[in-house]
Amino acid sequence: MNLSLITQNGQFFFHAGLMALFIFGASVLFTTLIAIICGTLATLRPAAIRVPIRLVIEFFRDVPQVVSVFFIFFGAPVFGLQLGPLAATILALSLWGGANGAEIVRGGITAVPHHQFESARSLGLSPYAIFTAIILPQALLPIIPAYAGLCNILMHSTSLAALVGVVELLKSAQIVIDRAAYYEGGAPGLTVYGFILFVYYIAGLLMSAAISWLEKRFGQSRAEQRF
Amino acid sequence: MGQERAVHVIRTVDLVKFYGNVQVLNDIDFVIGKGERVVIMGSSGSGKSTFIRCLNGLEPIQSGNIVFDGQDIGGNTERQWRLVRRRIGMVFQNYALFPHMNALRNLTFAPVRERLMTPDAAEARALALLARVGLADKAKSYPAQLSGGQQQRVAIVRAMMMAPEVMLFDEPTSALDPETVGEVLAIIQDLTSEGLTSIIVTHEMGFARQCADRIVYMDRGRIVEEGHPEAFFTQPQTDRARRFISTHR
Amino acid sequence: MSSPFDWSYFWSIAFLFLKGLEMTLFLAVICNALAVILAYVFAAAVHFRIRVVREMILFYVSVIRNTPLLVQIFFFYFGMPEIGVRTDPTTSGIIVLTLWASAYQTANLRGGIDNVPRALTEAMRALGLRPIDAFVFIVVPVATRAVVPAMMNTMVSTIKNSALLSAIGVPELTFVAMDNIAETYRAIENFVALLIGYLAIVLGFSAMMTSLERYLGRGYRR
């Protein structure tokens, strides 16, 4: 073990961590937007809207995440879309997350009892009001656990950016190890990759704690609404 | 009635049971003689289910003795309890049949697996018992394919497979539809009519009156009254028992 | 770039893709099979509260599930040789992917075991069954049936995640495609082939599992 590898490169790792955090935040943001929009559209009746969306969702669900990253980065130029590594990763993760999230949202909306639509309609609410005020809140609360699972995967997926050259945590580890291997002893690989695992582990525990707090809060207000 | 019999099958002395800080059983002294049928009654929370669950070690006790067949088993280890449980059958409120085994295999599994019976002997006994409770044609049915009453009948004969010396019934009809309660009670009465020592926790007044040799009435973790069913139902000695009888009639 | 899709090139890489497909299928079968076997062993050790072993397994499951698989792959493949454990890419890949999948399968199984109705466990005790018999013949079948869908999801994830092994040079589907692209710069044909490969595996697996589920469920439901 050669812990000086960590301490000497503290600032470098810190910046790499911020990069990972940025990829994570951006993908979660876009994932959420895509999931709500596409998940909702997928519940609509006209087949012209429903079928293509279901197909795209199915595509991103069946293909490995890393393949969609490579596809956006190496394949998009064929369609005239030139993206840098960072933008390509965020776009790929967002599309992947959006597809999986849309499936979750769709499930949540279909699970809302039909009489909720009918009673809302009988009150004379506009379709927009029915959707945003009645259906969406009921659909979103029960899917928090599945959504949290998706966010957890997205957090781990930030490491895929390393494969297209973004200097996030994994890539920073590679760089530090490559530099160290020539003149330093110890076990740079185990030390530095172990350190990255540790960072992700702590971040994962923090996120779990945040999610269970969220669940408890919303779960409670929901239980109160019941009575 | 039971006291004058020479042979005690089970006797408890000063049995005490806590759930955390809550005392649920308070100095229970209880005796059941060979071949006796005792019905335990009491409102919910009186400790009656907990009490019979202590008798086969499903619930650990904090102090007191449980004497079974002349031996104190109150301080048994789980391993020792296992041997006792093979001699004490138990029927639960919610049947608890193994969902992935058909009725026949539910009956034969434990005795065959634990090498207490040969597969042939177990199957023969199982089929005979199933026929006796009117389920001869259901041997190959899975629990999910049986009604609640049918499942409970299977559960009863499962508990009787190893010819237990004592049977414990923990509210055997509470989870059943009102229409099927009678059929299960009739089966219990029939199977225990030949001198099988049994302790039955139930709310069924008619059954208790007709079938029990003795009623034990529990309240707040104590035995407050016991006696012959006629005496208990016509002249209860305590206010609590009187109120209980009048509300459950 | 006269034609966007070159059919003759597409057919010329078909053989390479079949080799990649073979490797991906091999990884899928071996890693999933080993992972499920390990998961039962781990879940049993946790269930019977074997001292120290239980804590070690719970820690391993928690670490695997809370860190990225790609980092685990690098940690093993580039880190372990430093303490004398040197394995080729494919062996390393099998080891890491198996350990990854078995952590998730252990968690699935533990969920199923914890949810076996209390009434059933009491009935087993009341019948005087030995704990090991109760576990093997009652707890495991009942728990397994409840978590079959979750275990299948994990298996599909394992298949898709085998693509990450391309990063250390395991010659599976994704590696073949990226290798071709690096050589010829023909992205679109390779991605189409890659897509077909994964769709075939994932959809084929799902179909197989659905029929298995139906087979297991027979007689069980009313």
Side-chain angles (χ1 to χ4, degrees), chain B residues 49 52-53 55-60 78-103 105-116 140-147 151 154-155 158-162 164 166-170 175, chain C residues 36 40 43-51 54 108-152 209 211-222:
Chain B
S49 281
I52 67 164
R53 289 160 56 83
L55 297 180
N56 69 345
L58 287 184
E59 301 283 354
E78 182 67 18
R79 186 184 288 260
Q80 290 168 320
W81 270 120
R82 207 162 70 228
L83 302 177
V84 171
R85 290 187 194 124
R86 291 174 184 173
R87 299 165 62 190
I88 301 180
M90 183 159 192
V91 175
F92 298 88
Q93 184 177 332
N94 36 24
Y95 341 130
L97 293 180
F98 305 134
H100 59 304
M101 297 180 177
N102 63 29
R105 198 154 142 69
N106 258 284
L107 302 191
T108 58
F109 176 72
V112 171
R113 186 67 217 166
E114 305 306 329
R115 298 180 190 286
L116 303 167
K140 299 287 183 199
S141 299
Y142 284 85
Q145 297 164 325
L146 300 172
S147 71
Q151 288 191 56
V154 174
R158 179 175 71 179
M160 295 186 64
M161 274 297 287
M162 288 188 258
V166 182
M167 282 289 289
L168 308 173
F169 294 89
D170 186 6
Chain C
V36 168
Y40 278 103
V46 173
H47 177 77
F48 287 112
R49 302 180 175 279
I50 300 174
R51 263 178 306 152
R54 175 188 154 91
N108 289 338
L109 266 180
R110 263 171 47 77
I113 291 172
D114 288 346
N115 283 322
V116 169
R118 217 176 113 83
L120 274 191
T121 44
E122 287 190 340
M124 296 176 236
R125 291 168 70 200
L127 285 170
L129 278 173
R130 289 188 301 149
I132 184 75
D133 289 331
F135 182 75
V136 171
F137 295 100
I138 315 287
V139 174
V140 163
V142 172
T144 300
R145 221 172 277 238
V147 298
V148 161
M151 291 183 88
M152 287 180 187
M209 286 299 134
S211 59
L212 177 72
E213 205 180 353
R214 202 166 296 149
Y215 172 78
L216 286 174
R218 95 214 111 96
Y220 194 72
R221 279 177 280 275
R222 197 180 276 262

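Basis for what follows: all heavy atoms, side chains included, without hydrogens, waters or symmetry-related copies. So you know, we letter chains A, B, ... as the sequences are listed, proteins then strands, and number each from 1. Nothing here was measured: the structure is a model prediction, and the numbers come from that model.
Checked by atom type and distance alone, the side chain of B:His100 pairs as donor or acceptor with a backbone atom of C:Phe137 at under 3.5 Å. Between the side chain of C:Asp133 and the backbone N or O of C:Leu129, no donor-acceptor pair lies under 3.5 Å. Distance alone, capped at 3.5 Å, is enough to place a donor-acceptor pair between the B:Gln145 side chain and the B:Tyr142 backbone. Remark: the backbone N or O of B:Met101 is paired with a side-chain donor or acceptor of B:Asn106 at under 3.5 angstrom.
In summary, B:Arg53 and C:Glu122 engage in a salt bridge, as defined by a charged side-chain N under 4.0 Å from a carboxylate O.
Interface summary for chain B: among C:Ala134, C:Ala126, C:Ala119, the most heavy-atom pairs under 4.5 angstrom belong to C:Ala126. Comparing B:Arg87, B:Arg79, B:Arg113, B:Met161 by how many heavy-atom pairs each has under 4.5 Å with chain C, the most go to B:Arg113. By number of non-hydrogen pairs under 4.5 angstrom with chain C, the leading residue of B:Gln93, B:Met162, B:Arg158 is B:Arg158. Heavy-atom pairs under 4.5 Å with chain B were tallied for C:Gly128, C:Pro131, C:Pro117; the largest tally goes to C:Gly128.
Using a 4.5 Å cut-off between heavy atoms, B:Phe98 touches chain C through backbone and side chain atoms alike. Using a 4.5 Å cut-off between heavy atoms, B:Glu78 touches chain C through its side chain atoms alone. When heavy atoms are compared at a cutoff of 4.5 Å, B:Leu97 approaches chain C solely by way of its backbone atoms N, CA, C and O. Looking at B:Phe109, only its side chain comes within 4.5 Å of chain C, counting heavy atoms on both sides. Only the backbone of B:Ile88 has a heavy atom closer than 4.5 Å to any heavy atom of chain C.
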Quiz prompt | Derivation of the side chain to side chain contact (heavy atoms under 4.5 Å, CB included) call for B:Phe169 and B:Ile52 | solution = CA-CA 8 Å; B:Phe169 294 89; B:Ile52 67 164; 5.9 Å; no
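There is no side-chain donor-acceptor pair under 3.5 Å between B:Asn56 and B:Arg85.
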